[in-house]
Amino acid sequence: MDKIADLITAESILQWIIILLIVGYFVYKEWPELKRRITSGVKKEQAEESQAASVNERLTKIEQRLDAIDGKLNSDYASLRNLENEEARDRRMFKDSLEEREIIMRALLGVIGGLQELGANGPTKDAQSEITMYLAKQAHRTETE
C-alpha cells in the first residue's frame, strides 16, 4: 500500500483529472453523433427485422399461389387424361361402326342380288352399282381421310 501511495502524486492526480475532463468534453461534444449512430443502428435492425417479416409474408403468399396453380394444373391434367380416354373410346367405337357398316352394305348387296335373281331388275341394278362403287372407294381410302 505504501508503494501505491508513493506512485500517486499530486501531479499524477492532476494528469488524470485533465484526461477525464478531455474525455468528458469529447463525449459532451460528440454525444449527438454517438446517439444518432446508436439509434440509427437500432432503427436499422428494426427495419431489417420488419423487412425479413415482410419477405416471409410475401414468400408465404407466393407459396400459396404456387399451391393453387399446382392444384389447377393437376385438375387440368386429369381433365386431359379423361379427354384422351374418351377420344380412344370414340376411335374404337368409330372403327367398330365402320366394320358394322361394311357388313351391312355387303348384306344389302346380297339382298339386292337375291332380288335381281327373283326378277326385280329396275332400281336394284342402280343400287347394286352404287353400293359396289362405294365399297370400292372405301377399300382405297386411308384412315386419315
Side-chain angles (χ1 to χ4, degrees), residues 1-116 122-145:
M1 192 75 150
D2 288 333
K3 291 182 181 180
I4 294 176
D6 291 337
L7 290 175
I8 299 176
T9 61
E11 188 178 318
S12 67
I13 292 174
L14 184 61
Q15 288 174 351
W16 278 108
I17 291 174
I18 292 172
I19 290 172
L20 286 174
L21 287 173
I22 292 171
V23 168
Y25 180 75
F26 176 75
V27 168
Y28 173 75
K29 285 294 188 179
E30 293 296 318
W31 179 249
E33 179 65 23
L34 290 173
K35 185 178 177 183
R36 187 188 62 76
R37 286 184 184 178
I38 291 170
T39 56
S40 70
V42 169
K43 287 180 183 176
K44 185 177 178 182
E45 288 176 5
Q46 290 174 344
E48 288 174 353
E49 287 175 3
S50 68
Q51 184 179 10
S54 174
V55 167
N56 285 336
E57 289 174 7
R58 284 187 273 163
L59 285 175
T60 302
K61 288 179 183 177
I62 289 171
E63 287 174 350
Q64 290 171 348
R65 289 181 188 153
L66 287 175
D67 288 342
I69 290 170
D70 189 40
K72 176 71 171 126
L73 284 175
N74 286 336
S75 172
D76 290 347
Y77 287 142
S79 297
L80 284 174
R81 281 191 296 274
N82 287 340
L83 287 174
E84 288 171 351
N85 290 339
E86 286 181 23
E87 181 186 11
R89 183 180 49 85
D90 289 346
R91 285 180 186 265
R92 284 191 307 272
M93 288 177 61
F94 180 73
K95 189 175 180 181
D96 292 344
S97 170
L98 287 177
E99 291 175 10
E100 288 173 4
R101 280 190 271 158
E102 184 179 348
I103 292 170
I104 291 170
M105 289 296 212
R106 291 188 189 277
L108 187 57
L109 193 58
V111 169
I112 291 174
L115 285 173
Q116 285 178 354
T124 56
K125 287 187 178 184
D126 294 337
Q128 183 181 17
S129 66
E130 286 180 25
I131 292 173
T132 306
M133 286 174 39
Y134 173 77
L135 289 175
K137 274 188 201 175
Q138 288 299 101
H140 296 291
R141 255 191 194 166
T142 62
E143 283 191 31
T144 57
E145 289 181 358

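When a residue number appears, it is its place in the shown sequence, counting from 1.
Rounding to the nearest 0.5 angstrom, the gap separating the CD atom in Q15 from the CD1 atom in I18 is 7.0 Å. For the atom pair CD (E99) and CD1 (I104), the distance works out to 12.0 Å, reported to the nearest 0.5 Å. How far CZ of R91 is from CZ of R89: 13.0 Å, rounded to the nearest 0.5 Å. Between the CG atom in N74 and the NZ atom in K72 there is a gap of 11.0 Å [rounded to 0.5 Å]. Taking CG of D67 as the start and CD of E63 as the end, the distance is 7.5 Å to the nearest 0.5 Å. Here the CG atom belonging to D76 is positioned 10.5 Å from the CZ atom belonging to R81, to the nearest 0.5 angstrom.
Using a 4.0 Å cut-off between charged nitrogen and carboxylate oxygen, E57 and K61 do not count as a salt-bridge pair.
What you find for I131 and M105 is that their closest heavy atoms are CG2-O, 3.9 Å. For the residue pair I112 and T124, the shortest heavy atom distance occurs at CG2-O, 3.2 Å.
The backbone N or O of N56 lies less than 3.5 Å from a partner atom in the side chain of T60, making a donor-acceptor pair. A donor-acceptor contact shorter than 3.5 Å links the side chain of S79 to the backbone of S75. Looking at S54, its side chain never comes within 3.5 Å of a backbone N or O of S50 through a donor-acceptor pair.
For R101, the CZ atom is densely surrounded, since the number of other residues' heavy atoms within 6.0 Å is greater than 12. The environment of CD in E11 is sparse: at most 12 heavy-atom neighbours from other residues, nucleotides or ligands sit within 6.0 Å.
Under the 4.5 Å side-chain criterion, counting only non-hydrogen atoms from C-beta, D70 is not in contact with L66.
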